[in-house]
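Because only heavy atoms are used, hydrogens play no part in the values below, and waters and symmetry mates are left out as well, while side chains stay in. Letters A, B, ... mirror the listed sequences (proteins, then strands); counts begin at 1. The structure displayed is predicted, hence computed values, not measured ones.
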Amino acid sequence: MMNLYLQLIIVGKKVTYTVKKADGTVIFGYTGNATNPATDTSATVKTNAAINVDNQTVSSSTDLADVQGYTLNISVVSGGACKTKNLDAGSYTVIARYDGKIYTSNFVVTDSQGKASVEFTPEFTASNVLKLSDGNGSVKDALVNAIKEVNYNGNKLSGSALYNAIRKVEGTINNVAGVNGDITTATFTGQQNFTVTKLVVEIAVPDTSVTTNVEVDLPNTVITIQ
Amino acid sequence: MVRPFTTATASGKDITVNALNAGIGTYNYYVQYINKDGKNTVSQVLTIVVATPTTTGVDTYRVDFNNATVDTTVKEGNLDTSATTDNKNITANLYGVSGGVDDELVSSTYNSGKKSNLYC
């Protein structure tokens with residue numbers, strides 16, 4: 001007599017992940033509210049280069065399958081010689097939808113990176129005016145000519161080194177739509193005023209062998225281009 | 001049969017408690033740190049609860065993090081080398097919980113802790 005033994009292993013159901021900021025903004029995963037996303041006929045997803053499920057690539061905003069799996073991976077800080085912070089400081093909620101029910105838990109990102117200080121040139125400080133004809137045809141050029149140096153705990157940037165280190169400028173350009181927008185690559189063809197509200201530079205971190213992006217502690221800075 | 005107790009070892013700043021095969025119960029360790037001057041600067045009770053899943057299966061699930069708090073400050077001692085491995089990552093998984101105890105990780109082979117066997 002022969003005994004036939006058959007083991008049937010049922011493939012497990014997948015978990016559908018969502019990651020939200022404290023204000024409720026979805027930064028990754030399923031964006032809907034259905035308990036079972038498979039029943040959501042218009043299900044969409046949010047992609048995020050720093051977050052994945054089971055190392056899958058999310059190809060589009062309708063790629064629900066690739067935010068489903070088992071392990072959620074979040075790269076909070078990445079990079080080699082330059083450390084990139086992929087998530088801002090704050091509290092985040094992970095929502096796991098599984099077998100018709102919803103489970104949540106929170107994680108916290110902290111950041112105590114100090115700001116860099118800035119010193120403007122005496123010539124600029126006297127008037128807050130730069131001449132367009134003096135090579136001030138862009139926001140970055142104008143900032144480099146207005147700033148004497150940026151100092152982060154003894155590591156200093158000025159001139160072309162500062163130009164190359166500028167990673168982001170936010171502010172408002174007179175007569176240009178948008179307030180406090182990204183003006184990093186903005187250029188000028190005539191007289192303009194612009195206000196800088198945020199300046200971020202990549203700078204070496206003292207006592208380490210790496211760089212990172214650091215915000216510059218700016219005073220209220222209005223620059224007039226004539 | 002009397003099950004063994006948990007065992008604790010200390011190495012550097014770390015205290016490791018091994019609860020493998022330990023009997024169900026609550027174990028309290030009284031931890032003291034004596035500095036080089038012979039002064040007791042830290043006294044704390046470390047409580048270890050050993051429990052076992054129920055036999056009725058998973059009651060609920062919970063999201064588990066390898067790190068629930070991450071400091072992204074780039075400075076000496078925290079993210080201070082160029083090695084790509086010196087980064088900060090969080091992984092999250094779903095655990096089946098039974099009787100208040102993590103029972104099993106939800107994975108590709110997980111089926112509420114049950115597998116079906118057919119005998120012919």
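Note: Leu72(A) leads Thr211(A), Leu72(A), Ile51(A) in heavy-atom pairs under 4.5 Å with chain B. Put simply, of Pro206(A), Ser75(A), Cys82(A), the one with the most heavy-atom pairs under 4.5 Å next to chain B is Ser75(A). If you tally non-hydrogen atom pairs under 4.5 Å between each of Asn93(B), Thr69(B), Thr91(B) and chain A, the highest count goes to Asn93(B). Counting heavy-atom pairs under 4.5 Å between each of Ile95(A), Asp207(A), Leu87(A) and chain B puts Asp207(A) at the top.
Between Asp99(A) and Lys101(A) no salt bridge is recorded (no basic side-chain N to carboxylate O distance below 4.0 Å). Of the charged side-chain nitrogens involved, at least one lies within less than 4.0 Å of a carboxylate oxygen, so that Asp111(A) and Lys85(A) count as a salt-bridged pair.
With a 4.5 Å cut-off on side-chain heavy atoms, Ile90(B) and Asn66(B) count as touching.
With a 4.5 Å cut-off on non-hydrogen atoms, Val15(A) touches chain B through its side chain but not through its backbone. Interface remark: Tyr92(A) contributes no atoms to any contact with chain B (heavy atom separation under 4.5 Å).
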Please list every donor-acceptor pair under 3.5 Å in which a side-chain atom of residues 152-163 of chain A meets a protein atom from a residue at least two apart or in another chain.
{"from": "Tyr152(A)", "atom 1": "OH", "to": "Gln113(A)", "atom 2": "NE2", "distance (Å)": "3.0"}
{"from": "Asn155(A)", "atom 1": "ND2", "to": "Ala204(A)", "atom 2": "O", "distance (Å)": "2.9"}

*asked:* Using the rule given for side chain to side chain contact (heavy atoms under 4.5 Å, CB included), can you reason through Ile74(A) versus Phe107(A), listing the C-alpha separation, both sets of side-chain angles and the distance that settles it, and then say yes or no?
replied: CA-CA 11 Å; Ile74(A) 304 168; Phe107(A) 68 89; 3.7 Å; yes

